[in-house]
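Each ligand, and each atom within it, is numbered from 1 in the order the structure gives. Keep in mind that the numbers below use all heavy atoms, side chains included, and drop hydrogens, waters and symmetry copies.
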Amino acid sequence: MSNKKDNTVLEKIVSLCKRRGFVYPSSEIYGGLAAIYDYGHYGTLLKNNIRDSWWKSMIQMRDDVVGLDSAIFMHPTTWVASGHVGGFNDPQIDCKVCKNRFRADHLLKSYGIEADKATLEEINNHLNELRAKKKLKCPNCGSTNLTDAKIFSLMVKSNIGSPTDELKEENVVYLRPETCGGIYLEYKNTVDSLHKKLPFGIAQVGKAFRNEIVARQFIFRTREFEQMEMQYFLRPSMMKEKYEMWKEIRWNWYLANGIPADKIKWYKHDKLAHYASEAYDILYDFKALGGFDEVEGIHARGNWDLTQHAKFSGVDLNYIDEITGDKFIPHIMETSAGLNRMLLMFLDCAYSEEAVKDETRIVMKFPKHLAPIKIAIFPLLRNKPELVKKAKELYLELAKNYMCEFDDNGNIGKRYRRQDEIGTPFCVTVDFDTLEDGQVTVRDRDTMEQTRVKISELENFFQDKFSK
Ligand code: GAP
């Protein structure tokens, strides 16, 4: 990521999210809970629309991918088999003065030392060398009083089903750190019940939990988040072709959802997990975060996952080809995206400020199909029952097909500004002329143009607008 971070854009987005009911800090009345967020009315609608767009392209429009909704809690051995219990951790270092906590490998990186895959001993050796040269300093307060690095597990524990509060190794269960674990465990049931033939995918959207050491940057990195993952099961000989196919499908999804091509790029991982043969990320150029950062990973994972689960469960997870009789553990390639991180991407991309007369108009230019509210309906005046009645009737009619909002708060100018900040593509005003001529004023979010449209033609009008 580049370091031309513009904190003001991030602050403006965070402030808009709270002011307009997209995202709130969780448990705020108790002082908040670090790196956990709640989604308000518009945030929930936006998140659902992003999820639905993903689901449509990944499942609805494909006959080779099926859906799943697996549980957050899984048998604890799942995470031993996957390597998470032993190895899903980050090296952590604390400043004894300002009490800030850092990832030791990130701190070393700021000294030009690459320690991404280094052991704890190697990391502490590097830190000690810097200490000896009096170079090691807290990036926050400048103190030299830093702890040694220690390993910090990212797994979140719970005691579900256990009568004791103590989280001992024998009674602990984990909140899943990624959703794909549930897909591996339901691979066999899916094949047995749906009779899918290779290659095929299983996809799901759901919560994941990670005890991230450093969880800043608003909803970019949080401790509770949602993933949209798809695992594609295939023969090893198919991997190259299908990997390229899914790279293209995922890239095009961003373009189809209004992300400009010059705002995304590929990042190829050089250092791969021992079982992986290829890993690319899609990076988005966040103006709020100062540059490109990961929103999605596309990974060729070999047959490691199913092999491990077969070994630890003792269940045969081989695929048997009905025609050739071949028996083998399928290989897997996955697409793994963060839903909340995507929401930040769409907020970042949509956020714009325009000078209108002497004012600055803030407008969220979401693609129409993602906008939380599609149409807002206003009576010109809230104290005129005949206008309110007509506007309410219209609202109920349009709400049958579109997520709408009835708004009679403040003057029309204020209502337009509010709907601009929510990103509502169209506002419809019922005025006194409406009662005479059956026409309403439709105002376009992006052009601010106002058109008179007959109520009897509104359905066709919006059908046309929303099909573009
Ligand atoms: N199954 C593979 C996997 O989980 P990952 O790169 O760890 O891979 C995939 O995560 C995606 O999940 C990331 O690209 C990101 O969008 C999202 N993600 C990961 N950790 C996150 C966190 N702490 N907060 C928000 N999103 C996160």
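- Per-residue contacts place E334 under 4.0 angstrom from the following atoms of ligand 1 (heavy atoms of the residue considered): 1 (N), 2 (C).
- Using modelled atom types and a 3.5 Å distance limit, the side chains of N49 and H369 yield no donor-acceptor pair.
- Counted by atom type alone, E122 and N124 present zero donor-acceptor pairs between their side chains at under 3.5 Å.
- Atoms of ligand 1 found under 4.0 Å from any heavy atom of F220 (numbered from 1 in listed order, with element): 24 (N), 25 (C), 26 (N).
- Looking at atom 24 (N) of ligand 1, its nearest protein heavy atom turns out to be T222 N, 3.0 Å.
- Nearest protein heavy-atom contact of atom 9 (C) of ligand 1 is S336 OG, 3.0 Å.
- Between the side chains of Y254 and E296, at least one donor N or O lies within less than 3.5 Å of an accepting N or O.
- Taking a cut-off of under 4.0 Å to the non-hydrogen atoms of C180, the atoms of ligand 1 that pass are 1 (N).
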- Task: Assess whether side chain to side chain donor-acceptor pair (under 3.5 Å) is satisfied between N89 and S153, documenting all intermediate values.
- Result: CA-CA 4 Å; N89 43 45; S153 171; 5.9 Å; no
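- Under the 6.0 Å cut-off for aromatic ring centres, F233 and Y187 qualify, their centroids lying closer than that.
- Counting the atoms of ligand 1 from 1 in the order shown, those under 4.0 Å from a heavy atom of G338 are 11 (C), 12 (O), 15 (C), 16 (O), 17 (C).
- Between Y39 and F22, the distance from one ring center to the other does not fall under 6.0 angstrom.
- At the top of the distance list for atom 26 (N) of ligand 1, counting protein heavy atoms only, stands F225 CD1, 3.5 Å.
- Summary of contacts: the protein heavy atom closest to atom 20 (N) of ligand 1 is R210 NH1, 3.3 Å.
- Here E212 has side-chain heavy atoms under 4.0 Å from ligand 1, and that is the only part of it that gets that close.
- Looking at atom 10 (O) of ligand 1, its nearest protein heavy atom turns out to be Q227 NE2, 3.4 Å.
- For ligand 1 and E178, the ligand atoms under 4.0 Å from any heavy atom of the residue are 1 (N), 2 (C), 3 (C), 4 (O).
- Not close to ligand 1: N340, with no non-hydrogen atom less than 4.0 angstrom away.
- Residue D94 is tested with R101, R103, K99 for a salt bridge (charged side-chain N to carboxylate O under 4.0 Å, His left out); the sole match is R101.
- From the protein, the heavy atom lying nearest to atom 1 (N) of ligand 1 is E229 OE2, 2.6 Å.
- With hydrogens and angles left out, the side-chain atoms of Y351 and E353 include a donor and acceptor closer than 3.5 Å.
- Near V295, the atoms of ligand 1 lying under 4.0 angstrom from a non-hydrogen atom of the residue are 14 (O), 16 (O).
- D348 and Y284 share a side-chain donor-acceptor pair at under 3.5 Å.
- Counting protein heavy atoms only, atom 6 (O) of ligand 1 is closest to E294 OE2, 3.3 Å.
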- Task: Start with the C-alpha gap between H274 and W304, add the side-chain angles, then the distance that decides, and say whether ring pair (Phe, Tyr, Trp, His ring centres under 6.0 Å) holds.
- Result: CA-CA 9 Å; H274 63 91; W304 191 78; 5.4 Å; yes
